[in-house]
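Here's the structure, in structure tokens; my notes come after.
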Amino acid sequence: MAGSLELLVSPQVVDWWREHGKRWGPSFAGALFGAGWWFWVDAVAVSAQHIPFSQYLPGLIATLALIMINSVRRDELLSYDPYDEGTFCRSRFWLLMAYGISLSAICGSVLVMLHNGGDVSAILQVACILGAALVLFTSRSEGEGGGSYDAF
């Protein structure tokens with residue numbers, strides 16, 4: 001897994017993330033989440049026409065996916081115990097459902113773009129929110145509980 005990551009990202013960035021990701025990851029994820037919603041609110045504020053509620057759904061669905069992705073503890077995904085009463089499978093199934101919901105948010109944002117004649121604000125919103133979900137998920141520690149952050 002680390003080998004494929006190093007093919008996509010420079011080794012210096014990977015080393016920096018391993019060293020500082022737990023400290024700066026939640027802040028970066030929050031900035032991405034805020035930027036995503038800012039793109040959408042800005043587009044709605046400058047729009048001359050009424051925006052129907054159906055066009056708000058991709059961002060709301062992406063926010064739901066962010067919550068679903070980050071409700072899974074990383075230690076449940078990393079360790080396999082054959083006597084764990086299905087926790088391993090439940091966690092992976094929940095994460096699969098969260099990724100499916102993320103895909104539906106991406107598809108919805110593309111449909112919103114096509115419906116609005118090329119307005120990319122919904123795509124930027126969903127991309128930033130889902131990027132925030134992945135940054136927040138990867139910045140959590142893998143130790144006891146799997147949900148701690150080393151911000152302070």
Side-chain angles (χ1 to χ4, degrees), residues 1-44 51-113 120-152:
M1 178 77 182
S4 63
L5 180 64
E6 290 175 356
L7 291 175
L8 298 173
V9 181
S10 110
Q12 291 85 8
V13 173
V14 173
D15 291 339
W16 184 90
W17 183 255
R18 287 185 183 140
E19 185 177 337
H20 299 290
K22 292 177 186 162
R23 180 178 174 99
W24 294 104
S27 300
F28 185 61
L32 272 175
F33 182 78
W37 275 104
W38 178 78
F39 283 128
W40 179 252
V41 169
D42 184 52
V44 170
I51 306 294
F53 179 73
S54 62
Q55 294 184 5
Y56 285 83
L57 286 177
L60 295 173
I61 291 171
T63 303
L64 173 69
L66 178 139
I67 294 169
M68 288 177 68
I69 288 170
N70 286 293
S71 67
V72 175
R73 291 178 17 189
R74 286 185 67 190
D75 60 342
E76 291 177 354
L77 298 173
L78 296 175
S79 63
Y80 175 70
D81 182 15
Y83 304 108
D84 71 348
E85 299 176 4
T87 304
F88 180 74
C89 291
R90 282 192 304 256
S91 297
R92 287 188 177 238
F93 181 72
W94 183 259
L95 199 58
L96 177 69
M97 293 301 296
Y99 286 142
I101 290 174
S102 300
L103 180 64
S104 70
I106 293 169
C107 293
S109 67
V110 169
L111 288 174
V112 166
M113 182 196 69
V120 297
S121 61
I123 292 177
L124 290 173
Q125 176 195 25
V126 169
C128 287
I129 292 172
L130 295 179
L134 292 176
V135 167
L136 190 60
F137 185 74
T138 58
S139 66
R140 294 191 308 186
S141 66
E142 300 169 4
E144 185 68 30
S148 63
Y149 301 99
D150 295 335
F152 300 105

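Hydrogens, waters and symmetry mates play no part in the numbers below; they use all other heavy atoms, side chains included.
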Taking the side chain as everything from C-beta on, heavy atoms only, tell me whether [X] gets closer than 4.5 Å to [Y].
X	Y	answer
Ser121	Leu124	no
Leu130	Tyr99	no
Ile123	Phe39	no
Leu95	Ile69	yes

Which heavy-atom pair separates [X] from [Y] by the least distance, and what is that distance?
X	Y	answer
Ala98	Met68	CB-CB, 3.7 Å
Val126	Ser109	CG2-CB, 3.8 Å
Ala62	Ala105	N-CB, 3.8 Å
Pro26	Leu136	CA-CD1, 3.9 Å

What is the distance from atom [atom1] of [X] to atom [atom2] of [Y], rounded to the nearest 0.5 Å?
X	Y	atom1	atom2	value
Ser104	Leu111	OG	CG	11.0 Å
Ile129	Leu66	CD1	CG	7.5 Å
Ile61	Ile101	CD1	CD1	8.0 Å
Ser102	Leu134	OG	CG	7.5 Å

Under the side-chain hydrogen bond (donor to acceptor under 3.5 Å, both in side chains) rule, what do Trp37 and Thr63 come out as? Steps first, then yes or no, please.
CA-CA 10 Å; Trp37 275 104; Thr63 303; 3.3 Å; yes
Check the orientation of His20 and Trp16. Use parallel for under 30°, tilted for 30 to 60°, and perpendicular for over 60°.
tilted
Trace of the side-chain contact (heavy atoms from CB on, under 4.5 Å) decision for Val112 with Tyr56:
CA-CA 9 Å; Val112 166; Tyr56 285 83; over 6 Å; no
Step by step, would you call Cys128 with Phe33 a side-chain contact (heavy atoms from CB on, under 4.5 Å)?
CA-CA 6 Å; Cys128 287; Phe33 182 78; over 6 Å; no
